[in-house]
Protein chains: 2
Amino acid sequence: MGRRAVVPEQVRAVMAGGGRHCWTLAELQEGLGALGVVPDPSTVFRAVGRLEASGVVRRVELDERRAHFELAGEHHEHLVCDGCGEVEAVPCALVVTWVEEVRRECGFEVSDHEVLLRGRCRRCRRPGQQP
Amino acid sequence: MGRRAVVPEQVRAVMAGGGRHCWTLAELQEGLGALGVVPDPSTVFRAVGRLEASGVVRRVELDERRAHFELAGEHHEHLVCDGCGEVEAVPCALVVTWVEEVRRECGFEVSDHEVLLRGRCRRCRRPGQQP
DNA sequence: CTGGATGCAAATGTTTTGCAGCATG
DNA sequence: CATGCTGCAAAACATTTGCATCCAG
């Protein structure tokens, strides 16, 4: 019964394959285009919505203008470079201690965290390469 | 020469006075209304823009739907409660050590940070008060 | 047939800009 | 006067929804 959903799996493939840590809807659509698929924006929107509901994809609060998503299994903290705008990632580890302290001192039960660090990446810190 | 800008200072007053940690443009306009001023949304937008440019106000990436702002001097980390939606704040301290480690291990020079913790606040953890 | 995914178009909500008017120095 | 803030209106932009269609079981 019903039609089989194909776009969500393609979106997942794009996110797993690309050299990007987090994706906007437009970037996902562009990535799908590279696979020869050109779905409607609303279809991408709904596909990501389903992936998010099923826990495969995670919403990331990175930029207040557009939504960003990443694969849920790949959670990491984000380093946004003021120079080139690239988004690096580092695995989250130290945050755990911070979370503990918040629970103890504020009575706040943390279930999810997001760390955003802005600054200059190694490349942009090298002189002669500033954008 | 020129007209003296009045709205930016009023916006600043609202942010300094209210019991809120960060403000959307709409919330700022509402706050201004409580002071008897009802400027146009675009005026609030430009006022915040000026305050941000002059370093008085800081943009906070909290929700991807609307922009949030806080007073630059009052930076803190944010605790967003999944229950009531309230935004608490804790002063940032431990983040410094984390920042150090990122610089050392990733070569990333951090100039700004933002920590977002989601979970349940003390009140919402108490049974019988879940929204 | 039936249920669900998809495309198209339009609604929504917020941010952003263009332009004319006006107040202030 | 000349500068630059302000309001009004509209544009721009991304998200979200309604509806008709199409496809697989």
Side-chain angles (χ1 to χ4, degrees), chain A residues 1-15 20-70 80 85 87 114 116, chain B residues 1-15 20 22-70 80 85 87 114:
Chain A
M1 22 134 117
R3 194 165 160 187
R4 197 172 62 95
V6 49
V7 180
E9 186 47 46
Q10 292 171 329
V11 166
R12 184 181 192 162
V14 167
M15 293 180 90
R20 191 180 277 280
H21 297 109
C22 51
W23 306 72
T24 65
L25 293 177
E27 287 164 349
L28 285 172
Q29 187 164 26
E30 189 180 352
L32 289 172
L35 297 182
V37 201
V38 187
D40 192 77
S42 65
T43 302
V44 179
F45 169 73
R46 288 187 269 231
V48 172
R50 265 174 235 137
L51 290 172
E52 192 184 3
S54 64
V56 175
V57 156
R58 216 183 99 85
R59 176 180 285 256
V60 181
E61 312 291 347
L62 198 62
D63 172 358
E64 279 179 334
R65 282 158 239 291
R66 357 185 186 210
H68 287 75
F69 304 89
E70 69 180 8
V80 182
V87 179
E114 206 160 298
L116 178 58
Chain B
M1 19 134 123
R3 195 167 162 184
R4 195 172 63 94
V6 48
V7 180
E9 186 47 46
Q10 292 171 331
V11 165
R12 184 181 191 162
V14 167
M15 293 180 91
R20 191 179 278 280
C22 51
W23 306 73
T24 66
L25 293 178
E27 287 164 349
L28 285 172
Q29 187 164 26
E30 189 179 352
L32 290 172
L35 297 182
V37 202
V38 187
D40 191 77
S42 66
T43 302
V44 179
F45 168 74
R46 288 187 269 231
V48 172
R50 265 173 235 136
L51 290 172
E52 193 184 1
S54 64
V56 175
V57 156
R58 214 184 100 83
R59 178 179 283 256
V60 181
E61 314 290 345
L62 198 61
D63 171 358
E64 279 178 336
R65 283 156 238 293
R66 355 181 189 215
H68 288 75
F69 304 89
E70 68 180 10
V80 182
V87 179
E114 205 160 300

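This is a predicted model, so every value here is computed, not measured. In what follows, chains carry the letters A, B, and so on, assigned in the order in which the sequence lines appear, proteins first and then strands, with residues in each chain numbered from 1.
- Atoms CG (Asp40(B)) and P (dG18(C)) sit 16 Å apart, rounded to a whole Å.
- Side-chain atoms of Arg46(B) come within donor-acceptor range of the base of dG7(D), with a qualifying N/O pair under 3.5 Å.
- Residue contacts shown for Ser42(A) include a base, since a base heavy atom lies under 4.0 Å away.
- Side-chain proximity of Arg3(A) to the nucleotides dC19(C), dT16(C), dG4(C) is greatest for dG4(C).
- When rounded to the nearest whole Å, the span between NE2 of His68(B) and C1' of dG13(C) equals 14 Å.
- Taking every side-chain heavy atom of Arg66(A) into account, dA14(D) is the closest of dA14(D), dG7(C), dT16(C).
- Contacts of Pro41(A) with the nucleic acid, taken as non-hydrogen atoms under 4.0 Å apart, are absent.
- Judged purely by atom type and a 3.5 angstrom limit, Gln29(A) has no side-chain atom pairing as donor or acceptor with the backbone of Val38(A).
- Taking every side-chain heavy atom of Val6(B) into account, dT6(D) is the closest of dT17(D), dT6(D), dG25(C).
- If you measure from atom CD of Gln10(A) to atom P of dG7(C), you get 10 Å, rounded to the nearest angstrom.
- The CG atom of Leu28(B) sits 14 Å away from the C1' atom of dT14(C) (whole-angstrom rounding).
- For Thr43(B) against dC5(D), no side-chain N or O and base N or O form a donor-acceptor pair under 3.5 Å.
- In this structure, of dT6(C), dT15(C), dT16(C), it is dT15(C) that holds the atom nearest to the side chain of Ala67(B).
- Rounded to an integer number of Å, the gap from CZ of Arg50(B) to C1' of dT3(D) is 13 Å.
- Of the listed residues (Thr43(A), Val48(A), Val37(A)), just one forms a side-chain contact (heavy atoms from CB on, under 4.5 Å) with Val7(A), and that residue is Thr43(A).
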